[in-house]
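Quick caveat, the model's predicted, so the values are computed rather than measured. Remember, it's 1-based here, ligands and their atoms both numbered in the order they're listed.
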Amino acid sequence: MPKLIIDDIPLEVPDGTTVLEAARSVDIPIPHFCWHPALGRAGACRVCAVKMLDGPVKGLQMSCMLPAQEGMVVSTTDPEAMAMRKGVIEWLMINHPHDCPVCDEGGECQLQDFTIAGGHGLRRYDGRKRTYNNQYLGEFIEHEMNRCIQCYRCARFYQEYAGGTDFGVMGRAAMVYFGRQQDGPLESPFSGNLVDICPTGVFTDKTARFRARYWDYDMAPSVCPHCSLGCNITPAARYRELLKVIARRNDKVNGWFICDRGRFSNQAVNAPERPRQALLDGKPATRDEALETLVGRLTEFLELHGPESLAIVGSPRMSLEGNIMAGRLRELIGAGALCYFNAEDDAERTMQAVSMLNGDNAASQHDVREADLAVILDCDLLAEAPMMALAVRQAWRNGARVYVVGRGNTMPFEFVTVASLADVPLTDAKRPVFISGIRHKGIASQSGAKLAFILDGPNAFGCALLARDQGAVPLSTAIAGGKVRGIVSFEADIPAEMAQGIRILAAADWRATETMQRAEIVLPATAWVEQEGTFVNHEGRAQRFRQVMQPGLPIKGLDPAGHPPRVHRKTPPGGDLLPSWLIAAELLERLSGEQAVEPLSGEWERLRGLDAEGEGFLFFINKQINSSEVQ
Ligand code: FES
């Protein structure tokens with residue numbers, strides 16, 4: 001633990017900390033381009049110069065390359081250091097096109113920030129600039145090599161961190177080129193991180209190109225809904241259109257990155273076919289009329305068939321709040337079945353995860369990155385939870401052994417395939433993790449091993465918690481019982497063949513699903529970016545997502561008419577939507593005549609103060625609460 005002084009601030013830092021990291025720990029900013037917290041140092045850009053005034057090292061030094069040592073006295077504001085940094089910026093800008101007004105990175109560009117902060121405002125160089133041809137890198141990422149400052153972050157991330165092989169750095173004389181051998185879509189499922197990691201505008205998000213500046217966006221901390229890992233994201237929207245998704249740092253979960261599915265698979269939010277109008281037997285109605293009719297039909301249905309013939313169906317893709325309210329609705333009606341999962345398999349596996357995990361044995365992505373042995377059971381990680389594959393790769397890069405039980409698909413790390421768990425030598429592992437795939441059954445708790453279950457849906461764990469407490473059953477089981485004649489569903493995808501001959505009395509959802517098409521009463525709901533809510537991820541970590549944007553038809557107009565109707569009204573066109581939990585609450589109120597209680601009450605109340613920008617809250621079934629996790 002060396003002690004040193006930086007800009008007159010004495011501090012003590014862990015061994016191995018660099019001077020740049022030490023300065024950041026006390027909020028002293030040092031310009032940097034090639035250094036990145038997740039990638040470490042490269043010493044490529046030379047912009048992090050500081051002056052060592054005293055101690056074991058003297059003179060101008062690159063702070064990202066220099067480990068903090070006992071007795072160092074560092075100045076970040078010494079005139080010599082500042083002149084060096086200014087000079088570096090000036091030479092980096094010699095070839096940069098200065099095209100900030102037409103560059104999508106403008107306003108969120110590290111090069112722009114440090115150039116302005118360093119005081120470089122006038123170009124003295126009037127020679128020709130080095131120029132390159134750009135490449136087509138697929139439909140998601142735009143390439144503009146002229147902006148490159150050769151920090152090597154892209155190649156280091158793509159090849160070293162993510163294991164990609166189709167992109168890298170090539171050089172000839174004074175020309176260095178970051179790209180592919182030839183034009184073509186980037187193959188890595190993590191390629192979108194180039195957009196976040198490039199400190200200037202070489203790689204920008206093509207899907208949001210020329211649509212907004214950083215300050216135009218509606219943004220809020222959110223959680224990815226595309227698998228059970230709960231990676232942290234910042235969706236960015238403008239004019240009621242979700243334009244792009246940026247990775248958000250959470251060291252316990254995704255670290256700094258996200259996968260391409262999480263980044264580029266969100267067009268359903270803007271889809272013109274998205275349900276925005278309540279329907280009564282296929283005809284437009286107000287939400288009020290739809291709910292009133294539903295109350296009448298439900299009463300009639302219950303009188304005719306009895307409560308046991310009704311199933312209330314929630315889903316692992318709906319927020320915890322929505323599923324809690326679905327449970328309350330069932331309680332009020334006394335419905336015969338409450339279902340959160342369609343298939344028995346799914347329900348069983350998720351319940352198993354919930355019953356086995358506790359505060360000590362649940363493996364976060366961070367635990368996987370730190371593991372010295374990873375065992376993957378019956379799982380195609382890249383398909384089921386790509387970021388978990390990236391986490392395993394980091395463990396493997398640090399020397400961990402990786403075993404795949406069963407059939408192994410191509411992965412961004414080397415592994416040994418074994419026939420069964422018994423073939424994995426566990427004895428000398430200090431930090432083993434077991435990662436069980438969606439299809440795997442029957443993993444036993446291994447002594448000392450942490451467990452990660454890849455579940456099906458962003459809130460599958462939350463649903464399993466509720467299912468256990470409320471005696472929910474899989475929908476297939478409820479239907480097989482032969483009593484179910486009617487269903488009220490919330491954000492559920494009910495296979496038509498499963499519910500043959502059963503009335504879908506009403507469905508609430510933000511997606512145009514088959515269930516919504518079959519429903520007698522359609523209740524359109526807000527998407528996750530249009531509401532606040534909670535997902536519980538695969539390890540039992542409750543995470544809050546905030547409302548990013550107002551619901552409504554995007555102004556750009558994805559509908560064939562080209563623009564939402566130009567009329568004066570209180571809500572934007574297509575924006576008269578409620579979150580599913582509020583739809584359920586309205587139904588509860590109309591059925592009971594009493595005001596519905598807010599979803600996060602009773603044992604869920606402790607989740608109310610959950611900080612969306614914190615690390616989340618480990619909410620295990622055995623209620624072992626680690627108070628340090630409460631944000
Ligand atoms: Fe230190 Fe680039 S940040 S050399």
Q. Using a distance-only test with no angle check, is there a side-chain donor-acceptor pair under 3.5 angstrom linking R123 and H98?
A. yes
Q.
Within ligand 1, which atoms have a heavy atom of G43 less than 4.0 Å away?
A. 4 (S)
Q | Separation of R238 CZ from M219 CE (nearest 0.5 Å) | A | 12.0 Å
Q: Give the atoms of ligand 1, by number and element, whose distance to some non-hydrogen atom of R46 is under 4.0 Å.
A: 2 (Fe), 4 (S)
Q | Under 2.8 Å: N/O/S of C64 next to atom 1 (Fe) of ligand 1 | A | yes
Q. Which atoms of ligand 1 have any heavy atom of A44 under 4.0 Å away?
A. 4 (S)
Q.
Taking K430 first and then D372, would you say they form a salt bridge - that is, a charged N and a carboxylate O separated by under 4.0 Å?
A. no
Q) With a cut-off of 2.8 Å, does C48 place any N/O/S atom under that distance from atom 1 (Fe) of ligand 1? A) yes
Q.
Are F114 and F33 an aromatic pair, judged by ring center distance below 6.0 Å?
A. yes
Q: Please could you name the atoms of ligand 1 that H32 approaches to less than 4.0 Å, counting only its heavy atoms?
A: 3 (S)
(Q) Test your reading of the model: is there a side-chain donor-acceptor pair from W528 to the backbone of V223, 3.5 Å cut-off? (A) yes
Q: Would you name the heavy atoms of S188 and Y158 that are closest together and state the gap between them?
A: N-OH, 3.0 Å
Q: With heavy atoms of W35 as the reference, note each atom of ligand 1 found under 4.0 Å away.
A: 3 (S)
Q.
Would you say atom 2 (Fe) of ligand 1 has C45 as a near neighbour, meaning an N/O/S atom of that residue under 2.8 Å away?
A. yes
(Q) If you count every heavy atom of other residues, nucleotides or ligands that lies below 6.0 Å from K3 atom NZ, does the total exceed 12? (A) no
Q: Select one of side chain, backbone, both or neither to describe which atoms of R41 lie under 4.0 Å from any atom of ligand 1, heavy atoms only.
A: neither
